[in-house]
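This structure is a prediction, so every number in the text was calculated from the model and none was measured. Quick note: residue numbers are just sequence positions, from 1. Counting convention: from 1, in listed order, for ligands and their atoms alike.
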Amino acid sequence: MPQLDDVLARIDAGLEQERDELLGLAHRIHAHPEVRFEEVQASAWLTEALEARAFTVERGVGGLPTAFRARLEGRGSGPTVAVLCEYDALPGLGHACGHNVIATMGAGAGFALAPLMGELAGTLLVIGTPAEEGGGGKVTLLEAGVFDGVDAAIMIHPYKSSHPSMGTLAATRWDVSFRGVPAHAAMAPHLGRNALDAVRLAFAGIDALRQQVRDDVRMHAIVTDGGAAANIIPETASMNAIARARDGAYLFDDLAPRLENVFRGAALMTGTEVDLTASAAPYLEIVDNAPLEAAFTRHATRRGRSVTPYDMADGTGSTDMGNVSQAIPGLHGMLDIDDAALPHTAAFEVAAGSPRGDATVIDGAAVLAGIAAELFLDPDLMAQAKAAFAEATGR
Ligand SMILES: [Zn+2]
Ligand SMILES: [Zn+2]
């Protein structure tokens, strides 16, 4: 087997050769944002590019039309390493989470490793995971067995600074609809049962609950139906609510039942009926994996990035990568594309298509390819990642 230093030099050189094509792909996805489950073009462009580099591509895996799994076998047996691509945009904000950068960092790792796999022991997968923004694509793919046989799953998210991990919260959501009795709001209000009042009281109940929960909890909601006209007592009204906490145990066992009682209480108070639909794909918190994170820091530092530990006080989010990391050893590193802009803002959307975003596509591809190469070359690293996973999860 080749030496790691030699492999890394060839990864860097390969990415220089692929630079124009890879950045063209990043800009094309950035300019054509597609929201969750509608990433038809992004999925087609990524799979065509991987096929052109000798990957065997399965499209529509896990029953998700815009998902894919691209496979390249190495020389002899070794670990199966999956590099994950996200490529969905945000409604109204375009690629304000920078998933065009994620997609092309992942594909770029595939581009860089394709000419090398004949010398490496193991299997490289590039898995296209749709609908990270609220659709839980990875949860569906996990349940469908798309990750079966994967020894490690790695990805990088763009951010305002570079870190080997992301502080995450487990998250779940509810669609809540109330049904009351409509009535003329002036002529016969006493005959009505006001569904919008139930929504208002549910919001008030959430705010009261907020005082008696742990500091790490986040609860937020929007009204999705607030009635038809002010002179009709609303027969129906609905809301969408999200709750998050540092760990799924607290979120699902403690917080969720109390929040559901808020919705039921609002119905009871207003004489309406409530219909609660909890998310079928809640997001779990990320299981940290120190050996994979150390590999990230090595390779990102090698590419000139300044890597610091993630500061939980800096803010936390949720990702369906958490679910993957609960099932197999996983890495969710972060590389900077801006000094200040945060995901889900217009400024971050600009950064995701900027020269600095481009540099991060290339560096991120090199980092992911470097970690994968190390896993193929060094059975000890793979064993350490598995041991860290076993210790954290008891599996
Ligand atoms: Zn996002
Ligand atoms: Zn994101």
Side-chain angles (χ1 to χ4, degrees), residues 26 29-30 32-39 42-43 46 64 66-67 83-109 127-141 153-173 218 220 222 240 242-244 279 281-286 296 310 314-325 330-338 340-354 356-357 360-361 364-365 367-368:
I29 297 172
H30 186 257
H32 296 93
E34 299 165 300
V35 298
R36 61 183 182 209
F37 298 121
E38 295 175 15
E39 314 93 333
S43 177
L46 290 162
L64 300 181
T66 55
V83 178
L84 308 192
C85 299
E86 296 173 3
Y87 33 84
D88 58 325
L90 287 159
L93 275 178
H95 274 291
C97 209
H99 293 187
N100 64 306
V101 176
I102 300 179
T104 44
M105 287 190 290
I127 300 181
T129 66
E132 191 283 326
E133 297 290 356
K138 292 186 197 64
V139 185
T140 304
L141 298 183
I154 59 176
M155 63 170 288
I156 297 173
H157 200 295
Y159 194 51
K160 67 174 175 58
S161 40
S162 296
H163 311 288
S165 63
M166 178 171 87
T168 54
L169 302 176
T172 192
R173 66 173 66 219
R218 297 285 185 275
H220 29 120
I222 59 167
N240 181 258
I242 298 176
R244 316 188 199 219
S279 170
Y283 286 15
L284 304 179
E285 71 274 20
I286 283 183
F296 171 90
Y310 192 89
D314 224 20
T316 46
S318 306
T319 168
D320 58 5
M321 183 60 191
N323 300 55
V324 175
S325 76
L331 173 81
H332 187 282
M334 310 188 88
L335 281 179
D336 57 280
I337 59 169
D338 195 84
L342 283 168
H344 295 204
T345 63
F348 202 81
E349 193 271 345
V350 172
S354 71
R356 187 156 161 196
T360 298
V361 169
V367 170
L368 291 168

Next on the checklist: I need the full list of salt bridge (charged side-chain N to carboxylate O under 4.0 Å, His left out) pairs touching residues 84-97, with sequence neighbours left out, sorted by first then second residue.
Outcome noted: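 Checked against salt bridge (charged side-chain N to carboxylate O under 4.0 Å, His left out) - neighbours excluded - the pairs reaching residues 84-97 are Glu86-Lys138.
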Next on the checklist: Would you say that Ile29 contacts Leu46 through its side chain, given a criterion of any heavy-atom pair below 4.5 Å between the two side chains?
Outcome noted: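 Result yes, sub-4.5 Å side-chain heavy-atom pair found.
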Checklist entry - Is the shortest heavy-atom distance from the side chain of Leu90 to the side chain of Phe348 under 4.5 Å? => result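 Side-chain contact under 4.5 Å: no.
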Item to check | Ser162: side chain to side chain donor-acceptor pair (under 3.5 Å) partners, not counting sequence neighbours | outcome: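 In terms of side chain to side chain donor-acceptor pair (under 3.5 Å), with neighbours along the sequence ignored, Ser162 is linked to Asp336.
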Checklist entry - Is the side chain of Tyr283 donor-acceptor paired with the backbone N or O of Gly317 at a distance under 3.5 Å, no angle test? => result no
Checklist entry - Relative to the Zn ion (ligand 2), how many protein N, O or S atoms have a separation of less than 2.8 Å? => result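 Number of qualifying protein atoms: 3.
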Checklist outcome for this item: Sorted by chain and residue number, the ring pair (Phe, Tyr, Trp, His ring centres under 6.0 Å) partners of His99 (sequence neighbours excluded) come out as His157
